[in-house]
Amino acid sequence: MFKDDLLKGKKILVTGGGTGLGKEMSEHYIQHGAEVVICGRRESVLADTAAEFKDKYDASVRFQPLDIRSPQDVEDFVETIFQEGPLHGLVNNAAGNFISPTKDLSARGFDAIANIVFHGTFYVTNAVGKKWLEQNIKGSIISILATWVWTGSPYVVPSAMSKSALHTMTKSLAVEWGPYGIRINAIAPGPFPTEGAWARLSPEGALEDSGSMSTIPMGRVGEMSELQNLATFLMADGCEYLTGQTIALDGAQYLSGGGTFSQLSKMSEDDWSQIRSMIKKTNDSDKAKRST
Ligand code: HXC
């Protein structure tokens with residue numbers, strides 16, 4: 001889909017880049033010529049991923065254990081990175097989530113998610129954005145959100161609230177930092193199964209058993225290459241006018257819940273012809289009444 005050197009000369013920081021979606025996006029950026037920096041809470045996971053990329057692509061990937069919940073650690077880390085050279089891209093991918101009835105959440109349970117997603121993502125975005133403003137760099141930010149920024153979502157309320165706030169951050173900073181050429185967009189993926197997320201969102205197949213998957217008009221989960229391609233398009237030069245947007249990548253799943261008639265997509269051709277003849281019968285009977 002893209003030229004191999006599309007991202008050549010760009011240095012991109014991916015939070016939570018050692019596993020899951022962050023690792024997939026990092027790999028695609030490397031394949032397209034970017035230099036990638038990954039951070040996350042577990043050093044051994046980051047080291048393994050960096051070693052894997054070295055083996056596969058001879059790419060030297062800078063990695064750093066970092067808990068984005070700590071604003072000082074974030075500031076220090078971003079300072080160090082910029083001392084080594086400018087960043088051009090940031091992917092806010094690090095997150096935390098688990099399913100739970102909201103009434104069973106303690107304050108610490110709520111904070112466990114909100115401190116990572118809501119606070120941590122802001123700390124990283126602002127630390128990097130301030131450097132770009134100081135150094136006059138036209139960087140690009142992508143945050144990984146969820147379609148519940150539009151719909152809300154039961155059983156993941158701390159995540160839904162936090163990601164909705166980041167959706168608002170995306171729109172707000174596009175305006176505030178737009179005059180300096182800094183772009184900020186977001187991707188709202190539908191289900192893209194990964195080990196970390198699925199262990200917390202679909203333990204024992206909870207998502208599949210609830211019938212959630214049958215609500216996807218395209219009838220399948222997302223493919224990593226689809227997420228990688230969108231994340232690369234948004235990071236690359238060439239469409240700088242696109243900013244402040246959260247783009248759903250979900251096979252139309254969230255839209256399918258929104259319309260009164262969405263569930264009718266399950267009906268067969270036979271069902272439709274039966275319905276058509278029932279409606280015709282009603283219309284004919286009305287016409288007959290009108291003519292008498
Ligand atoms: C209720 C729970 C709980 C659960 C934890 N808690 N799990 N409460 N139900 N299942 C409560 C604990 O009881 C405790 O409160 C508080 O949360 C902190 O728990 P810790 O285990 O100490 O938290 P911590 O080690 O900080 O773990 C944080 C975490 C963890 C975020 C909860 O899951 C994590 O590290 N996740 C990272 C990876 C991840 O979650 N990936 C999925 C992202 S998917 P008390 O009061 O008891 O002390 C995503 C969207 C995907 O974001 C969209 C797909 C469609």
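Residues: numbered from 1 along the sequence shown. Just follow the structure's listing: the first ligand is 1, and inside any ligand the first atom is 1.
- Every atom of ligand 1 is numbered from 1 in the order shown, and the set under 4.0 Å from a heavy atom of S106 is 15 (O), 45 (P), 46 (O).
- Shortest contact from atom 48 (O) of ligand 1 to any protein heavy atom: R108 NE, 2.6 Å.
- Of all atoms in ligand 1, listed by their number and element, those nearer than 4.0 Å to a heavy atom of R41 are 34 (C), 35 (O), 36 (N), 37 (C).
- If you look at Y254 next to ligand 1, there are no close heavy atoms at all, none under 4.0 Å.
- Among protein heavy atoms, the minimum distance from atom 36 (N) of ligand 1 is reached at R200 NE, 3.5 Å.
- Taking 4.0 Å as the cut-off, F110 does not count as a neighbour of ligand 1 on heavy-atom distance.
- For the pair R42 and ligand 1, no heavy-atom separation below 4.0 Å is found.
- For S159, no nitrogen or oxygen atom sits less than 3.5 Å from a nitrogen or oxygen atom of ligand 1, counting backbone and side chain alike.
- For R69, every heavy-atom contact with ligand 1 shorter than 4.0 Å involves the side chain, none the backbone.
- With ligand atoms numbered from 1 in the order given, ligand 1 contributes 37 (C), 38 (C), 39 (C), 52 (O) to contacts under 4.0 Å with heavy atoms of A95.
- With hydrogens and angles left out, the side-chain atoms of H32 and T232 include no donor and acceptor closer than 3.5 Å.
- With no hydrogens or angles considered, a side-chain donor-acceptor pair links D76 and Q72 at under 3.5 Å.
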